[in-house]
Amino acid sequence: MTSKGQQVIRQWYRQKNWQQFPFQQEMETTYLSGYSGLLNAPTGSGKTFALFLPFLADFINKHPDTYTTQKNNGLLMLWITPLRALTNDIRKAMQEACDEIGLPWNIATRTGDTPAAEKAALKRKLPEVLLTTPESLHLMLAQKEYPKLFNQLQVVVIDEWHELLGTKRGVQVELGLSKLKNLTPALSFGEGVEKQEEKIPLPFGKGWGGVRIWGISATIGNLEQAAEVLLGNDFPPERIKMVRANLDKKLDIRSIIPDNVENYSWAGHIGLKLLPEVMEIVARSKTTLIFTNTRSQSEIWYHAILDNYPEYAGIMAMHHGSLDNELRNWVEQALHAEALKLVVCTSSLDLGVDFRPVDTVVQVGSPKGVARFMQRAGRSGHHPGAVSRAYFVPTHSLELLEGAALKAAIKRGIFESRDPMLLTMDVLIQYMVTLAVSDGFRADELFKEVKSTYAFADITRNEFGQLLDFITSGGKTLAQYDEFLKVEVENGLYKVNSRRVAMRHRLSIGTITSELSIRVKWLSGGSLGTIEESFVSKLKPGNTFWFAGRSLEFIRVKEMTAYVKKSNSTKGIIPSWNGGRMPLSSQLAAVFRDKLDEVAHGIEKDEEVIALKPLFDLQQQLSHLPQSHEFLIESFKSREGHHLLFYPFEGRLVHEGMASLLAYRISKIKPASFSIAMNDYGFELLTDEDIPIEQALEDASFFSIDNLLDDIQHSLNANEMARRRFRDIAHIGGLVFTGYPGQQVKNKHLQASTSLLFEVFSEYEPDNLLVRQAYNEALAFQLEEFRLRAALQRIATQNIILKVIERPTPFAFPIMVDSLGRERLTTETLEERIAKMARSYGAEGVAADDKRRNRKPGIVRKKGF
DNA sequence: GACCTGCTGCGGTTTG
């Protein structure tokens with residue numbers, strides 16, 4: 001028998017003439033039976049309604065006759081998304097559904113144009129459904145009497161959970177949920193459910209009740225774990241269900257293969273040489289997104305298209321994280337309205353509003369991971385039944401093999417995992433103060449709640465005690481500074497009494513820290529976006545630079561704003577920004593090695609491999625093509641010195657660590673100083689003396705993981721890495737105040753104060769939890785210690801093939817070009833040297849990509865003037 | 001403070 005609620009929503013669904021997917025029914029049954037869990041569904045599959053409609057049905061079931069007049073006197077559903085921009089669209093869709101079904105409900109977003117107005121509105125009257133972000137949830141927990149807000153709560157939905165999992169924002173969500181679970185009293189529900197026997201008591205509250213928690217996630221490698229993390233350690237596994245939308249999304253992936261791979265760039269990362277081929281695809285398509293890996297690459301591509309295809313002026317736009325929000329919103333709306341044929345962007349368009357008109361996606365350069373590529377491909381053909389069409393554009397020859405690897409990985413269903421963060425004490429400190437700011441907390445109760453989260457399952461009472469000390473007395477070290485005495489204890493209740501401390505804390509809730517940036521504004525007013533201080537410092541008044549796709553003349557800097565006016569010059573430098581340096585994911589790297597093994601075995605079924613044959617033949621002829629049981633090292637002498645090249649194909653971060661490690665181990669045999677270069681495929685050690693590599697290889701400990709941590713400590717400046725990590729940790733943990741909005745504390749001061757804190761802690765309190773965390777984070781994220789270990793263990797089982805080579809091989813070339821740049825030569829010399837290297841080699845076109853981008857007016861990439 | 005190629009994401013305006 002179908003319940004009243006189900007009847008109502010199904011009828012509504014039919015009216016809309018929407019197609020109903022099988023998983024939506026499964027979701028409905030599961031939800032109405034009272035389970036919590038994870039919904040695994042791709043974007044554009046109607047996943048929002050798959051959860052929202054059963055929730056409505058549940059409510060209607062409770063008020064079958066009066067639901068059309070039934071308002072509720074409190075918050076029933078909390079919907080959390082990582083992207084503020086998503087809340088408005090979802091709100092609209094939900095409101096429309098409620099209106100049409102006849103529920104007199106109010107669907108609201110917490111974040112919006114006027115936070116103050118919204119906050120006031122929330123206080124007056126709670127909406128039935130609230131859409132918000134993890135940060136806003138914590139802001140709510142920082143309000144007096146916050147439990148009142150949640151005492152009617154029935155379900156919390158965490159949308160795009162895969163985006164949050166693996167980040168400190170994810171830990172924030174875990175902590176927030178641990179609180180909500182314990183706030184919501186028993187509820188009765190489930191009247192008229194189809195299968196009564198499936199009704200199960202919920203773990204929180206008494207009897208048939210408690211809050212349900214549902215995550216929505218795209219496909220990742222560790223979905224089961226994602227559900228565990230979301231629900232916490234105290235959630236009985238039998239009450240968790242996974243609902244999978246087995247939708248076969250049609251994907252059409254193609255690599256763009258250069259006409260002559262031998263003459264294609266062997267090195268480089270811009271990929272402009274394939275611009276004509278890309279533009280042919282753009283011309284054939286209705287709307288195309290071109291994804292680039294960096295913001296400056298977006299600017300370069302945009303500029304190059306404007307230069308070479310002026311007819312695109314007006315129907316092309318750019319989108320990346322340093323552009324002004326207004327501009328970005330405009331681009332998104334224009335995409336929606338089918339007013340644009342082409343948008344050049346970075347991952348700022350990975351998520352977001354649905355762009356139906358987009359039918360083609362182009363990825364320039366390595367997407368670095370299978371899941372990211374899938375996500376981007378999915379931006380095209382974004383409606384049920386449509387085909388997602390994506391092209392991969394290699395920026396240098398060898399990268400083309402990644403195209404084959406991507407296709408293979410997708411076919412085999414290999415996706416990256418998102419590893420949840422553990423024991424992030426900075427986030428916990430912030431959360432403790434958050435609770436102290438509102439109603440206060442009791443240590444034992446909070447400890448129990450916190451320990452129920454996945455992130456803090458292993459926290460000890462002693463560690464928790466240290467954190468309590470820290471927020472009340474500044475811990476061992478900072479006790480004499482009033483500034484760190486935030487929380488007071490009254491009869492066992494930890495509470496913030498100072499209004500000033502409370503306000504400052506509310507201002508700094510969140511786990512995202514960012515570089516201080518300089519706003520770019522027209523002299524006439526109007527903002528374009530932001531660039532970094534270091535870039536501005538290179539500019540002199542009158543200089544031209546390209547930003548937001550325009551030629552700008554720099555006038556002056558005043559109060560963190562760079563004023564510009566329009567320039568007619570077609571030449572100008574393009575800013576670069578400091579950002580993350582993502583390595584190739586271990587999954588994609590593994591499939592890449594598989595492909596290489598196929599190549600070494602002469603298997604030529606992929607078009608990419610066939611195209612690359614001349615390159616691989618040359619590699620074989622000059623050196624060797626390693627099979628999966630072999631590890632290739634190339635040794636070679638030049639004027640610069642003695643080069644050693646290693647090819648673990650394990651991503652650049654691992655290579656960086658391994659290079660330092662091996663350099664250190666070699667230097668124990670013979671003291672030498674090395675210079676290091678690396679890319680995602682391998683690394684180079686360069687020294688001006690002979691390297692006793694044979695001797696090093698004879699020793700079984702060369703690639704060993706014994707003494708790994710010790711050797712890493714000796715070979716890398718671990719202190720420096722941890723110090724840099726500590727900067728963010730200190731921000732999140734509230735050790736430094738970044739200033740009131742609009743009047744940020746100067747970066748230099750912050751730098752100095754976090755650095756000082758790090759030193760003080762290291763000296764006087766070596767067991768400090770935040771310092772320990774800084775080292776752990778450096779090890780896990782900067783060095784990818786886990787992967788490094790695995791790579792060393794793999795190499796230890798492989799046959800080492802040491803080849804003495806005459807000239808750089810196709811494998812070596814891109815790494816060595818990287819090292820040329822690193823030596824801070826002028827671009828001209830770099831270009832000459834690349835050309836020389838290429839000539840000495842008989843490969844004419846080798847450096848063409850770099851040449852082109854240096855010669856083209858307007859895409860000059862000289863450093864300085 | 002270091003990177004030189006290097007992503008994304010959220011908050012919040014008043015007190016000492």
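Just so you know, these numbers use all the heavy atoms, side chains as well, and skip hydrogens, waters and symmetry mates. Lettering of chains follows the sequences in order, A, B, ..., and the numbering in each one begins at 1.
- Shown are A/Arg379, A/Arg372, A/Gln375, A/Arg376; of these, the side chain to side chain donor-acceptor pair (under 3.5 Å) with A/Asp350 is made only by A/Arg376.
- Taking a centre distance below 5.5 Å and an interplanar angle below 30 degrees as the stacking criterion, A/His320 does not stack against the six-membered base ring of B/dC7.
- Using atom C1' as the reference point in both B/dC3 and B/dC7, the two lie 15 Å apart (nearest Å).
- In this structure, A/Arg376 reaches neither bases nor backbone, as no heavy-atom distance under 4.0 Å exists between it and the strands shown.
- Counting non-hydrogen atoms under 4.0 angstrom, A/Arg723 reaches nothing in the nucleic acid.
- In this model, the phosphate group of B/dG9 is not approached by any side-chain N or O of A/Thr167 to a distance below 4.0 Å at OP1 or OP2.
- Residue-level contact check: A/Gly510 touches neither bases nor backbone, having no heavy atom under 4.0 Å from any strand.
- Distance, A/Phe737 CZ to B/dT14 P: 12 Å, rounded to whole Å.
- Distance CZ (A/Arg724) to P (B/dG1): 10 Å, rounded to an integer number of Å.
- Classified by interplanar angle (parallel below 30°, tilted 30° to 60°, perpendicular above 60°), the ring pair A/Phe761/A/Phe726 is perpendicular.
- Residue-level contact check: A/Asn293 touches the backbone only, with heavy atoms under 4.0 Å from sugar-phosphate atoms and none from bases.
- Spacing between atom CD1 of A/Ile732 and atom P of B/dG11 amounts to 16 Å, rounded to whole angstrom units.
- As rounded to the nearest Å, B/dA2 and B/dG6 have C1' atoms that lie 14 Å from one another.
- Within the structure, every side-chain polar atom (N or O) of A/Arg581 is placed at least 4.0 Å from both OP1 and OP2 of B/dC3.
- Here A/Arg328 does not reach the OP1 or OP2 of B/dT8: none of its side-chain N or O atoms lies under 4.0 Å away.
- To the nearest angstrom, P of B/dG1 lies 23 Å from CZ of A/Phe535.
- Rounded to whole Å, atom P of B/dG9 lies 9 Å from atom CG of A/Asp350.
- A/Asp680 has its CG atom 15 Å from the P atom of B/dG6, to the nearest Å.
- Set against B/dG6, B/dC7, B/dC10, the side chain of A/Ser576 has B/dG6 as its closest nucleotide.
- Under the 3.5 Å distance criterion, the side-chain polar atoms of A/Gln297 are matched with a main-chain donor or acceptor of A/His269.
- Residue-level contact check: A/Lys368 touches the bases, meaning some heavy atom is under 4.0 Å from a base atom.
- The side chain of A/Thr346 lies closest to B/dC7 when the candidates are B/dA2, B/dG6, B/dC7.
- In this structure, A/Glu299 contributes its side chain and A/Gly549 its backbone to a donor-acceptor pair below 3.5 Å.
- Within the 4.0 Å cut-off from OP1 or OP2 of B/dT8, at least one side-chain nitrogen or oxygen of A/Arg295 is found.
- Checking B/dG6, B/dT15, B/dG12 against every side-chain atom of A/Leu139, the shortest atom distance belongs to B/dG12.
- In summary, A/Lys168 and A/Asp426 engage in a salt bridge, as defined by a charged side-chain N under 4.0 Å from a carboxylate O.
- Here, B/dG1 and B/dT5 have their P atoms 23 Å apart, quoted to the whole Å.
- As judged by a 4.0 angstrom heavy-atom cut-off over every strand, A/Met503 is placed among residues touching the sugar-phosphate backbone only.
- In this structure, the CD atom of A/Gln782 is 11 Å from the C1' atom of B/dA2, given to the nearest Å.
- Using P as the reference atom, B/dC10 and B/dT14 are 22 Å apart when rounded to the nearest Å.
- The separation between A/Met678 atom CE and B/dC4 atom C1' is 13 Å, rounded to whole Å.
- No contact: A/Leu164 has no heavy atom under 4.0 Å from any strand.
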